[in-house]
Amino acid sequence: MAAGPHVLVLGGSSEGFAAAERFSTLGCDVTTSFAGRTGARRQPVGHARVGGFGGAEGLSEYLKTERVALVVDATHPFAARMKANAAAACAATRTPLIHVERPAWRPQPGDDWRMAPDVTAAAALAPVTDGPCFVTVGRQEIAPFAARRDLTLLLRVIDPPDAPFDHPAATFLCDRGPFALEAERRLFADRGIGSVVSKNSGGAAAEAKLVVARELGLPVVMVERPPRPEGLTAGSVDEAARLAAEMLGLPTS
Ligand code: NAP
């Protein structure tokens, strides 16, 4: 079967899987790349590769060797290094690049959000409340919470942490989204959660905890996104497909 243009999807998000499916449907030969941080993962449509490229230079080599016609950056909004590497490698090799950036969450009436520029600041800002502080920033970034001996912590992670986490009152909960609203309501009630720390990832899969925090009037420390990467940005996979169709002369459906 004749393969269309080679599209590299930088994955690690639900948009990555959706992009692989969408661009395959458009006749592209799609490879999805994963950092390899989590154990079990879904198989994307098309090919998959796992592990870093070796910085912007390694990615440039890959783009040339694999004759990549388009890079679709569908990494997590907080994957700043990979986004910057993609921008540099695509500029160096003159490969078109589209960042897919899902809209950030915005506070709603009834929310008690305290904004933090990064996870270290978020750990410092987490308030002492009656119940545990529900930490949902990802296993790679929990270290600053170890210093908060005055908090009881409930840390939700996909996989258990690699290194021991030294804290007198920390419980790990290993689970992977999407998280349904009813299940989150039960979790908050069962554990008596008193506050939440979250990155502003946006999207539906992890939003329910914010709804429950609002319902219960709980404080939320929200880690703001790193600066937007330079370059062409689409707010959805559909928009990325439309932009790609114009750039590469693909069919539009
Ligand atoms: P990163 O810090 O931007 O990337 C670090 C390195 O990992 C990159 O330089 C690259 O290595 C490799 N890498 C990242 N994404 C890759 C991909 N799709 N394919 C191949 N290699 C990739 O990104 P991160 O370490 O993945 O995560 C950074 C932040 O995003 C963390 O805060 C994390 O919690 C968050 N995140 C959250 C989720 C989630 O589902 N909640 C998922 C992913 C990330 P080379 O330089 O060797 O190419």
Side-chain angles (χ1 to χ4, degrees), residues 7-20 30-44 46-63 65-66 68 71-90 92-93 97-102 104-105 116-123 134-145 155-162 173-179 196-210 221-230:
V7 172
L8 174 66
V9 174
L10 300 173
S13 65
S14 50
E15 286 81 3
F17 290 101
V30 180
T31 301
T32 302
S33 173
F34 298 94
R37 305 268 181 260
T38 58
R41 93 177 60 75
R42 272 163 63 193
Q43 190 60 24
H47 315 283
R49 67 167 297 290
V50 180
F53 294 94
E57 296 75 19
L59 179 56
S60 297
E61 268 315 301
Y62 180 93
L63 297 179
T65 312
E66 299 295 325
V68 172
V71 176
V72 177
D73 163 32
T75 54
H76 188 267
F78 281 78
R81 188 135 57 96
M82 190 67 244
K83 288 178 194 297
N85 288 351
C90 287
T93 58
L97 166 66
I98 302 174
H99 299 284
V100 180
E101 195 182 77
R102 62 174 96 130
W105 293 316
D118 54 38
V119 175
T120 303
F134 186 35
V135 178
T136 62
V137 297
R139 119 191 104 105
Q140 294 177 82
E141 295 199 62
I142 55 177
F145 290 89
L155 302 112
R156 183 159 66 191
V157 290
I158 296 177
D159 294 313
D162 305 316
L173 182 62
C174 293
D175 204 355
R176 181 196 285 268
F179 300 104
V196 177
V197 181
S198 174
K199 288 177 174 164
N200 196 336
S201 303
E207 192 177 12
K209 62 180 180 250
L210 303 176
V221 179
M222 185 61 76
V223 183
E224 291 167 294
R225 290 181 173 191
R228 216 172 199 222
E230 284 190 19

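When a ligand or atom number is given, it counts from 1 through the structure's own listing order.
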| request: Decide whether an N or O pair under 3.5 Å exists between Gly138 and ligand 1. | output: no

| field | Heteroatom distance test (Met82, ligand 1): nitrogen or oxygen, under 3.5 angstrom | value | yes

| request: Give yes or no for whether the N/O distance cutoff of 3.5 Å, strictly under, is met between Gly55 and ligand 1. | output: yes

| Non-hydrogen atoms of Val72 and Ala19 that approach each other most closely | CG1-CB, 4.3 Å

| request: With atom 27 (O) of ligand 1 as the reference point, say which of Gln140, Lys199, Glu141, Glu57 has the nearest heavy atom. | output: Gln140

| query | How close do Ala20 and Thr32 get, heavy atom to heavy atom, and via which atoms? | reply | CB-OG1, 3.5 Å

| task | Answer yes when Lys83 and Asp73 have at least one side-chain N-carboxylate O distance shorter than 4.0 Å, and no when they do not. | result | yes

| request: Kindly state each residue pair satisfying side-chain hydrogen bond (donor to acceptor under 3.5 Å, both in side chains) with at least one member in residues 49-60, sequence neighbours excluded. | output: Ser33-Arg49

| message | Check this for me: does any side-chain nitrogen of one of Arg37 and Asp159 sit under 4.0 Å from a carboxylate oxygen of the other? | response | no

| request: Starting from atom 7 (O) of ligand 1, locate the nearest protein heavy atom and write down its residue, its atom name and how far away it is, to 0.1 Å. | output: Arg37 NH2, 2.6 Å

| said: Checking Glu141 now: which residues fulfil side-chain hydrogen bond (donor to acceptor under 3.5 Å, both in side chains) with it, not counting sequence neighbours? | reply: Lys199

| message | Within ligand 1, which atoms have a heavy atom of Gly52 less than 4.0 Å away? | response | 11 (O), 21 (N), 45 (P), 47 (O), 48 (O)

| message | Could you tell me, atom by atom, which parts of ligand 1 come under 4.0 Å of a heavy atom of Gly51? | response | 20 (C), 21 (N)

| Taking both backbone and side-chain atoms of Thr75, is any N or O found less than 3.5 Å from an N or O belonging to ligand 1? | no

| request: Would you check whether Arg49 has a nitrogen or oxygen atom less than 3.5 angstrom from a nitrogen or oxygen atom of ligand 1? | output: no

| request: Would you please determine whether Asn85 falls within less than 4.0 Å of ligand 1 on a heavy-atom basis? | output: yes

| task | Please state whether Gly58 comes within less than 4.0 angstrom of ligand 1, counting heavy atoms only. | result | no

| message | Please give me the minimum heavy-atom distance between Leu97 and Cys90, naming the atom from each residue. | response | CB-SG, 3.8 Å

| said: Need the ligand 1 atom indices (1-based, order shown) with element for anything under 4.0 Å from a heavy-atom of Ala80. | reply: 3 (O)

| query | Below 4.5 Å, heavy atoms only, C-beta onward: do Glu66 and Leu8 meet side chain to side chain? | reply | no

| message | Contact between ligand 1 and Ala206 is defined here as a heavy atom of the residue under 4.0 Å from a ligand atom; is it met? | response | no

| Distance filter under 4.0 Å to Val137 heavy atoms, resulting ligand 1 atoms | 34 (O)

| message | Below 4.0 Å, non-hydrogen atoms only: which portion of Arg81 touches ligand 1? Side chain, backbone, both or neither. | response | both

| message | Below the 3.5 angstrom mark, is there an N/O of Gly11, backbone or side chain, next to an N/O of ligand 1? | response | yes

| N or O pair under 3.5 Å between Lys83 and ligand 1 | no

